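Only a predicted model underlies this, so the values are computations on that prediction, with no experimental measurement involved.
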Amino acid sequence: MSEKNSAQNPVNLCLPDGSVRTFDGPVTGTTLAGDIGPGLLKAALCIKVNGEAWDLSRPIEEDSDVAIVTSRDKEDALDILRHDCAHIMAEAVQELFPGTQVTIGPNIEDGFFYDFARDKPFTEDDLEVIEKRMHEIVARDEEIIREVWDRDDAIAYFKKIGEIYKAEIIADLPEGEPITVYRQGEWLDLCRGPHLPSTGKLGSAFKLMKVAGAYWRGDSKNEMLTRIYGTCWTDKKELKAYLHRLEEAEKRDHRKLGREMDLFHLQEEAQGSVFWHPQGYTVWLQLEKYIRTRLRGAGYDEIKTPQLLDSKLWEKSGHWSKFRENMFVVPDEVPSTDEDAPVLSGDAKLMALKPMNCPAHVQVFRQGIKSYRDLPIRFAEFGCCHRNEAHGALHGLMRVRQMTQDDGHVFCREDQVTEESVAFCDLLASVYEDLGFPEFQVKLATRPDVRAGTDEIWDKAEAALEAALNARGIAFEYAPGEGAFYGPKLEFHLSDAIGRTWQCGTLQSDFVLPERLDASYIAEDGSRQRPVMLHRAILGTLERFIGIMIEHFAGRMPLWLAPTQVVITPITSEADDYAKAVFEKLEAAGLRAELDLRNESIKYKVRDHSHKKVPAILVVGGREAENNTVSIRRLGSNNQSVVDLSEAIDALVTEGTMPDGTASA
RNA sequence: GCCGCCGUAGCUCAGUGGUAGAGCGCACCCUUGGUAAGGGUGAGGCCGGGAGUUCAAUUCUCCCCGGCGGCACCA
């Protein structure tokens, strides 16, 4: 691209409808829009030039495919609006709080944030003031002007005005990258752009959402900045819809539903460990039973290994050096009962609660001599692990310190890795489908900087996982450097009610641990070989997965998982005997039924059980007793239907049957 | 762990420098009501913990602990 293009050279711009407009020389998006029509000029936000978003004020000097972006082009419009909104927020902040430095302010899903450096962090109260000033800046309709600066001048300038973070960002920009600065009114900021032609175009469909701390460059060793999150839309209606969506999502919060449905609780004496109540543990047991069945079907043998293991084993496995800060360490000694003496001497042998099951599984593998004919060996364990998670990380069922994994380890030959990985991906997809999650995201986490094993081994391990994904046509993205120290991993992510994603399933190929813990098998030629170890989990942990399911279903579990599947209740006490008889039949049919003989109105009882998310309510009165029928009302419906009792039971039993994995075949 | 906000009855939340209130829930009584709240009465609180200021602290200050929202970490 030449800046020196002569003005005489005509420029041909090809519009999305295929028509071409010719101009005598360089032309801006504004001119083009005005040329097409005043309505478009008014609506124009920016212009796409050969697929790249440009400012309307930037001259286009060469023949190009162009498209004027208006609020109708949702994605492009939101991109530019949100980014402008971040700039306007930064301008407001610096007007109101002089001395505050700007750092970075990218778009994120549904909005944007901007990180500021300031001695005193912002509070929620500041947001109102900042937001008010932002509306004023929009009303001022300041022209936004793009300038290309010399790199050294830019660094010097930002240093001079005390913006040391900006100066640092510029210094880190790759050589040759043009340094662009945008002015709006008195204010300016380093920015790649593009931006709206003026602040007035932003409109008023934005809102500042929350403040938070965030580390500079995302590194906890760096200073903490203060971050302001905002949301921004093309119009007020969209903003309102978004806020409504957030409210609806909050209603699904598993912590709230967990309390309302009496599923579990947490308390400070056991931070991060769950007290499962009868209703919640029923869900747990059902889920566990289902997974157990699926694992058996996939050739796994279930085992159970110790909680407390000698630190010597963790030293060998590498956990002691790489994972110890997350482990609960327990001294192996009789505590002193002397009131004046310290409880522990401090020099006892150390044990640790297992944070992972893998080293224990290797111990089981190591018993006896294994032949290549034995492989693959697939061990499964509902392994209860403890991890000393940071206090700030704990979050309901989603981040806990005591977790039960649907863990498993496949010991196989190198030539079996891809095959076993494919089988696992199939199993996982089928399980997710059965559980109501046909969609999930996959990441391939590759070698981290600090790792064990040679590059050749890592090449092999990463290629094996990728081959499995490709074999099944599973879309994925790379997560460079995020693999475990012993091997790369596939991460399977699900989303919760408010859009946060959580890693559930995982598949990790490991060439290191078998070596460290000396696992071997006898190969066909009689030589001793190392097996490859595949670490895998489908649900990840039962705790997190149940949390996600609660939110996914908004508490309305499928019948086979629902803690109470059906409630039977009489209209008046005259029907108590019939209700009891129905209840007994339901129980005999294997349904999790509850009998509600409370002296309350039927309205009250229906409401109560609906709140508790009971999937089916059977109401009986004189008419039903006489005809041997029930009036059945399903959760979420305001209607009810009267059916024969036996028919109702059959239907519930059928629907309440655990999936067997054939549904998604 | 870091930054900010918050902590009053089982739950949701009012409130005050002079040791507390509502609704729901719970208990009892009345009510026997055909599908999302029938009525009455009553019991429930070391106002998160500790220190300080004060004649007096649930209220003001400080320190802990915990919760929430992020960050970092992560299944």
Side-chain angles (χ1 to χ4, degrees), chain A residues 113 115 118 120-127 209-229 253 255-256 259-260 262 265-269 271 323 325-326 355-356 383 385 387-401 403-407 482 484 489 491-494 498 500 502-506 508 535 537-545 547-548 569-576 599-612 617-624 631-642:
Chain A
F113 67 75
D115 285 348
R118 183 178 181 235
K120 188 175 172 290
F122 295 110
T123 68
E124 306 274 340
D125 293 339
D126 295 327
L127 294 188
M209 303 299 288
K210 55 197 173 195
V211 293
Y215 297 107
W216 167 236
R217 292 183 186 270
D219 188 334
S220 60
K221 288 195 229 24
N222 291 342
E223 58 274 33
M224 180 151 284
L225 307 171
T226 169
R227 173 175 296 180
I228 301 179
Y229 285 95
D253 190 309
R255 294 164 300 184
K256 180 179 148 77
R259 188 168 48 238
E260 286 171 5
D262 195 17
H265 85 270
L266 296 155
Q267 67 185 52
E268 61 180 279
E269 288 84 353
Q271 261 182 71
F323 208 74
E325 61 178 10
N326 286 303
M356 298 182 190
C385 295
R387 292 185 193 171
N388 197 345
E389 300 289 347
H391 288 79
L394 301 178
H395 180 92
L397 296 178
M398 304 302 201
R399 270 310 273 286
V400 292
R401 293 173 129 183
M403 66 205 79
T404 303
Q405 302 176 316
D406 62 324
D407 204 4
E482 293 189 13
K489 58 182 177 181
E491 300 176 351
F492 300 88
H493 294 257
L494 295 179
I498 53 177
R500 287 171 299 206
W502 299 96
Q503 185 188 326
C504 292
T506 183
Q508 308 169 10
H535 308 240
I538 298 173
L539 307 181
T541 68
L542 277 103
E543 287 85 356
R544 175 179 291 179
F545 205 88
I548 290 171
T569 191
I571 300 268
T572 72
S573 55
E574 275 174 23
D576 278 7
N599 175 14
E600 296 288 354
S601 71
I602 196 62
K603 276 174 184 257
Y604 180 93
K605 289 187 283 192
V606 164
R607 183 182 148 88
D608 190 34
H609 296 300
S610 298
H611 278 157
K612 295 246 164 68
I617 302 173
L618 304 188
V619 175
V620 294
R623 293 206 293 271
E624 286 78 10
S631 165
I632 180 162
R633 179 188 170 116
R634 295 301 304 257
L635 182 61
S637 164
N638 290 322
N639 302 318
Q640 53 274 335
S641 53
V642 177

Syn/anti state of G44(B) by chi, 90° boundary around 0: syn

Exam field: side chain Arg399(A) to backbone Leu394(A), donor-acceptor pair closer than 3.5 Å: no

Under 4.0 angstrom between Gln271(A) side-chain N/O and G66(B) OP1 or OP2: yes

Sugar-phosphate or base contact per nucleotide [nucleotides 69-75 of chain B; S, B, -; heavy atom under 4.0 Å]: BBBBBBB

Touch class at under 4.0 angstrom, heavy-atom based, for Gly547(A) against every strand present: nothing

Partner set under salt bridge (Lys or Arg N to Asp or Glu O under 4.0 Å) for Arg255(A), not counting sequence neighbours: Asp253(A)

Protein-nucleotide distance (Ile228(A), atom CD1; C5(B), atom P), rounded to Å: 13 Å

Distance, C1' atom - from A14(B) to C47(B), rounded to whole angstrom: 13 Å

Neighbour count >12 (heavy atoms, 6.0 Å) for atom CD, Glu325(A): no

Contacts of type ring-ring contact (aromatic ring centres under 6.0 Å, His included), residue Phe323(A), not counting sequence neighbours: none

Glu260(A): partners by side-chain hydrogen bond (donor to acceptor under 3.5 Å, both in side chains), with sequence neighbours left out: Lys256(A)

Contact nearer the 5' end of RNA chain B, comparing Thr226(A) with Arg623(A): Thr226(A)

Bracket string, RNA chain B, 5' to 3' - pairs by Watson-Crick or G-U geometry under 3.5 Å, | interstrand: (((((((..((((....[..)))).(((((.......))))).....(((((..]....))))))))))))....

Salt bridge (Lys or Arg N to Asp or Glu O under 4.0 Å) involving Glu624(A) - partner list, sequence neighbours excluded: none

Interatomic distance where CD belongs to Glu260(A) and P belongs to U12(B) [whole Å]: 9 Å

Between C68(B) (P) and His391(A) (NE2): distance, integer Å: 12 Å

Residue list, side chain to side chain contact (heavy atoms under 4.5 Å, CB included) with Asp219(A), at least two apart or on another chain: Lys221(A), Asn222(A)

Footprint string (nucleotides 35-48 of chain B, 5' to 3'): B base within contact, S backbone only, - free, heavy atoms under 4.0 Å: BBBS----------

Touch class at under 4.0 angstrom, heavy-atom based, for Ser573(A) against every strand present: base

Which residues share a salt bridge (Lys or Arg N to Asp or Glu O under 4.0 Å) with Asp406(A), sequence neighbours left out: none

Distance in angstrom units between Lys612(A) NZ and C24(B) C1', rounded: 12 Å

Nearest heavy atoms of Ile617(A) and Ser610(A), plus distance in Å: CD1-OG, 4.1 Å

From Ile538(A) atom CD1 to Phe545(A) atom CZ, the distance as rounded to the nearest 0.5 Å: 9.5 Å

Which atom of Ile602(A) lies closest to which atom of Pro570(A), heavy atoms considered: CD1-O, 4.1 Å

Residues in ring-ring contact (aromatic ring centres under 6.0 Å, His included) contact with His265(A), at least two apart in sequence or another chain: Phe275(A), His277(A)

Set of residues satisfying salt bridge (Lys or Arg N to Asp or Glu O under 4.0 Å) with respect to Lys612(A), sequence neighbours excluded: Asp608(A)

Taking N or O atoms only and anything under 3.5 Å, show me the protein contacts with nucleotides 58-62 of chain B, one pair per line.
none

Spacing of His265(A) atom NE2 relative to G67(B) atom P, expressed in whole Å: 12 Å

Student check: side-chain heavy atoms of Arg544(A) and Met398(A) closer than 4.5 Å: yes

